[in-house]
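Everything below concerns the one structure shown next.
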Amino acid sequence: MVIAALLLALLADTGYTGSAGCARCHAAIAESYSKTGMARSFRAVQPGVQLPEFDGRTFLHQASRQKFTPLNEAGKYSVTREQFIGGFPPYTVPVDFVLGSGDHARSYLHRTNEGLIQFPVSWYAQSGGYWQMSPGFDRPDHQGFTRELNDRCLFCHNGYPLQTKLANGIDCERCHGPGAQHSKDATRTSIVNPAHLSPERAIEVCMQCHLETSSRDFKGAVLRPGRAPFSYRPGEPLGDFQIYFDHAPEAGRGDKFEIVSSAYRLRQSRCFLSAPEKLGCTACHDVHRAATRAETVATTERVCASCHQRDGHVKSGSCVDCHMPTRATEDVPHVDMTDHRISRTRAVTLPPQQAAAPYTGRVVVYYPPNAVATAKPQPEAPRQIDYTSPGQALLRQGNTAAAIAAFREAVNERPELVDIRVNLAAALIVQRNYQAAKQQLEEAIRIGPPTALRAAHNNLGILLDMLGDKAGAAREFALAKF
Ligand code: HEC
Ligand code: HEC
Ligand code: HEC
Ligand code: HEC
Ligand code: HEC
Ligand code: HEC
Ligand code: HEC
């Protein structure tokens, strides 16, 4: 899936140049930005990368009766797993990439021919730092070293991929858009500056990664038909790129607090709702700088003071301590985050619910707020979303068979919709049912309008490549390029 995303990104006519060149003319910003968590959120393990948490100390995961040892052998990092039941020999997996700056936590990735595998163990910075299971792995039957990293992790944690090369951290172009033209002409009009966008478009630049309605219960955001995973461009309406779903009101989950929650929670505040243009993310954050907590708190107090008077109820402490407290997140145990919902009372913190029963209730459109209304003149759009999102949610939960059944049902109902077949084929690929996947893609290509077939050609190319048909793969990749 990751490889598919990269290839799709590649195929688009991008105008991206990679952000290394920006430093030539914006040296001070580049230097200051490089110290932020965002800039350090994804790294290849290369000589010189220091990961002191690989200290050779073993930790035992009781639930699965497995022992994990993070090792550092002259700058080569790996994790060894030993298993007490089943009599399997120890298994050692090298670390190729690090995801997460470690300000709160770090996850590790191993590269295989098919994509990136997420390690079952992560390192958490709290209390001086310790190893524990990665989110979703703290269970007896966890997936071990077999879970593929999904496109979405990379979309939120890294720069735009160029050629087949992954970027090394979130970079300038993720917020400023493609910079090839600007790097040549160096004019103010050839690059996006979020400060000059409308407040709505500006906050969406951040929301592309900081808005998540739920990380666990269902697929919180679904790409619009025809949009490739990395194709959002700063300045365009985020809702043209993807639609967000949320728990229906009756689920009583409106007060949830997850790791990626700043935008979702801020958008619930009465302060924000009263004047969204004054409380965008950049009111309190200068993203080019790794600010200390004291600095951000001081900026925040000035922002509060622009609307509220400091009155008798504030005896000591900062507005942030009481109205934007740091709290434990529900989806990632071991991580505390700032609750961006500015409220009168502190919300109740629910204990982490790792093994919670899957959510089976209704979901509703969350963003853009008028999604259904705008989509009305083109009845196709909302219907298509209905056809693919349930299957995608199942696929995301790892329930491949049910996802395939859902997509098949949708194909039966609307055999002419290419998008469903592309989804079905993707699920079949996950199930390693390559011939059936190939059939679906070929059928999609037979029926679909050529303009809707980029993903189908691309995925068929990947599939043929996996099946050893290099010439066929090259042909499909070429067709995917128009
Ligand atoms: C060849 C030098 C050069 C390179 C390379 C360059 N810039 Fe610039 N950039 C400039 C200059 C000069 C200005 C200011 C223009 C002015 O004030 O008239 C500018 C302005 C900007 C602005 C502000 C625009 C505005 O409307 O206020 C942004 C944002 C920006 N650059 C981002 C980038 C990014 C991102 C990259 C890398 C993709 C980059 N620049 C590469 C020279 C460069
Ligand atoms: C490409 C995805 C992406 C975009 C776009 C993005 N962020 Fe982030 N942001 C992240 C991730 C991921 C982290 C956590 C990084 C880490 O520590 O590993 C983060 C961390 C932060 C932090 C914590 C401090 C730091 O330096 O890491 C702040 C503050 C922040 N983002 C604000 C913003 C604002 C404001 C915007 C919009 C102008 C924005 N972000 C746009 C993904 C993004
Ligand atoms: C919707 C965007 C998004 C997705 C998808 C996403 N993350 Fe994140 N992640 C973030 C943001 C934003 C933060 C920082 C949260 C904050 O500081 O408020 C973060 C924080 C983290 C951190 C802690 C970084 C630090 O030290 O602060 C780790 C580790 C992490 N994510 C791993 C992952 C993995 C692994 C996946 C895929 C399974 C993933 N994330 C999916 C946006 C995302
Ligand atoms: C996380 C999003 C994000 C990233 C990454 C980012 N910027 Fe910015 N940048 C912004 C925002 C937001 C503004 C507008 C700030 C404001 O409101 O004044 C901005 C403004 C600018 C400006 C206008 C002048 C100024 O100082 O405000 C320049 C130049 C610029 N950025 C260059 C860069 C370069 C070069 C990089 C990479 C090294 C980069 N930015 C990375 C979000 C980002
Ligand atoms: C009213 C001020 C304010 C606004 C507006 C604001 N933040 Fe924050 N944010 C803070 C404060 C205060 C902190 C805590 C800083 C610290 O502990 O270093 C923080 C922390 C963060 C962090 C670090 C992780 C965490 O949860 O502690 C991220 C990421 C972040 N904000 C993202 C955003 C994004 C994205 C937006 C816009 C949707 C936003 N913030 C809007 C005040 C604000
Ligand atoms: C743009 C103006 C604005 C800013 C900035 C702002 N607020 Fe507010 N705030 C409001 C408005 C308007 C209300 C709603 C008042 C009402 O409905 O009675 C409100 C309500 C509140 C409430 C009551 C919330 C509730 O749920 O009843 C608290 C507490 C609060 N603000 C604290 C803060 C703090 C702390 C900050 C800084 C982090 C802040 N506000 C920033 C305008 C603002
Ligand atoms: C020690 C904790 C604490 C600190 C510090 C604090 N507050 Fe409050 N604040 C509260 C509590 C508790 C309430 C709810 C009072 C109530 O409901 O009677 C409240 C209520 C409010 C309200 C709603 C008042 C109303 O009548 O609707 C606003 C606005 C507010 N605070 C703003 C601020 C600002 C701005 C700061 C920073 C200058 C701040 N607070 C600092 C605890 C605090």
Side-chain angles (χ1 to χ4, degrees), residues 19-39 41 101 103-104 159 169-177 179 182-183 186 188 191-197 199 202-212 234 257-310 313-314 318-327 329 335-347:
S19 297
C22 314
R24 196 152 51 88
C25 304
H26 300 286
I29 293 180
E31 162 64 16
S32 150
Y33 176 70
S34 70
K35 304 202 167 67
T36 65
M38 283 189 274
S41 200
S101 65
D103 288 348
H104 298 91
I170 295 165
D171 56 20
C172 320
E173 288 178 306
R174 290 306 305 276
C175 294
H176 291 294
H182 171 77
S183 295
R188 300 191 58 187
I191 190 100
V192 173
N193 181 347
H196 302 156
L197 297 172
I203 198 172
E204 285 177 347
V205 171
C206 314
M207 277 164 47
Q208 63 171 306
C209 306
H210 284 278
L211 176 62
E212 194 165 61
F257 183 62
E258 299 192 352
I259 180 168
V260 181
S261 61
S262 43
Y264 185 82
R265 296 291 285 175
L266 181 69
R267 286 167 44 79
Q268 292 179 325
S269 309
R270 290 169 75 183
C271 314
F272 176 84
L273 294 170
S274 78
E277 71 286 358
K278 293 203 185 121
L279 262 177
C281 312
T282 47
C284 303
H285 293 293
D286 173 357
V287 289
H288 297 149
R289 284 189 56 233
T292 61
R293 176 167 170 88
E295 287 167 335
T296 309
V297 167
T299 312
T300 301
E301 294 216 306
R302 279 197 296 278
V303 172
C304 310
S306 69
C307 295
H308 298 289
Q309 284 192 317
R310 194 183 169 97
H313 90 280
V314 189
S318 80
C319 322
V320 173
D321 294 338
C322 299
H323 294 296
M324 297 181 73
T326 305
R327 300 170 54 200
T329 62
V335 170
D336 289 355
M337 288 287 166
T338 303
D339 189 348
H340 280 69
R341 190 175 87 178
I342 307 168
S343 66
R344 186 185 296 267
T345 48
R346 285 179 182 233

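Values below: all heavy atoms of this structure, side chains included; hydrogens, waters and symmetry mates excluded. First listed ligand is number 1; within each ligand, the first listed atom is number 1.
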Sorted by chain and number, protein N/O/S atoms nearer to atom 8 (Fe) of ligand 4 than 2.8 Å are His176 NE2, His288 NE2
Using a 4.5 Å cut-off on heavy atoms from C-beta on, say whether the side chain of Arg341 contacts that of Phe257. no
Mind checking whether Leu279 and Val303 have side chains closer than 4.5 Å, heavy atoms only? yes
Students often mix this up, so state it plainly: with edges at 30° and 60°, are the rings of His182 and His26 parallel, tilted or perpendicular? parallel
Determine, using heavy atoms of Ser19 and all atoms of ligand 4, whether some pair is separated by less than 4.0 Å. no
Can you name the nearest heavy-atom pair linking Cys172 to Ser19, along with the distance? N-OG, 3.2 Å
Could you list which atoms of ligand 4 come closer than 4.0 Å to a heavy atom of Cys22? 35 (C)
Considering all heavy atoms, the nearest Asp103-Gly37 contact: OD2-CA, 3.7 Å
Ligand-residue contact atoms, ligand 5 with Met337, heavy atoms, under 4.0 Å: 24 (C), 25 (C), 26 (O)
Within the 4.5 Å heavy-atom criterion, are Cys175 and Pro234 side-chain neighbours or not? no
Ligand 4 atoms nearer than 4.0 angstrom to some heavy atom of Thr282 are 12 (C)
Note, Ile342 side chain near Phe272 side chain (heavy atom, < 4.5 Å): no
Is there a side-chain contact between Asp286 and Tyr33 in this structure, where contact means two heavy atoms from C-beta onward sitting under 4.5 Å apart? no
Which heavy atom in His323 sits nearest to a heavy atom in Ser343, and how many Å separate them? ND1-O, 2.9 Å
Using a 4.0 Å heavy-atom threshold (strictly under), name the region of His210 that reaches ligand 5: side chain, backbone, both or neither. side chain
Quick check: do Thr326 and Asp339 have side-chain heavy atoms less than 4.5 Å from each other? no
Sub-3.5 Å N/O-N/O distance, Arg293 and ligand 5: yes
Tell me which residues fall inside the under-4.0 Å heavy-atom shell around ligand 6. Arg270, Cys271, Ser274, Ala275, Lys278, Leu279, Thr300, Val303, Cys304, Ser306, Cys307, His308, Cys319, His323, Met324, Ile342, Ser343, Arg344
Kindly give the heavy-atom pair with the smallest separation between Met207 and Ala263, and that separation in Å. CG-CB, 3.7 Å
Please enumerate all residues that pass side-chain contact (heavy atoms from CB on, under 4.5 Å) together with Arg310, with sequence neighbours excluded. Glu301, Val314
So if I count the atoms of ligand 4 from 1 in the order they appear, which ones are less than 4.0 Å from some heavy atom of Ala195? 14 (C), 16 (C), 17 (O), 18 (O)
Quick one: does Asp336's side chain get under 4.5 Å of Arg327's, heavy atoms only? no
Under 3.5 Å, N or O to N or O, is Ser262 touching ligand 5 that way? no
At a 4.0 Å threshold, what atoms of ligand 5 neighbour a non-hydrogen atom of Gly280? 5 (C)
Do ligand 5 and His285 have nitrogen or oxygen atoms that lie under 3.5 Å from each other? yes
Give a yes or no on whether the backbone of Thr296 and the side-chain of Thr300 come within a donor-acceptor separation of less than 3.5 Å. yes
Going by salt bridge (Lys or Arg N to Asp or Glu O under 4.0 Å), name the residues that satisfy it together with Lys278, two or more places apart in sequence or in a different chain. none
So is Met38 in contact with ligand 4, going by heavy-atom distances below 4.0 Å? yes
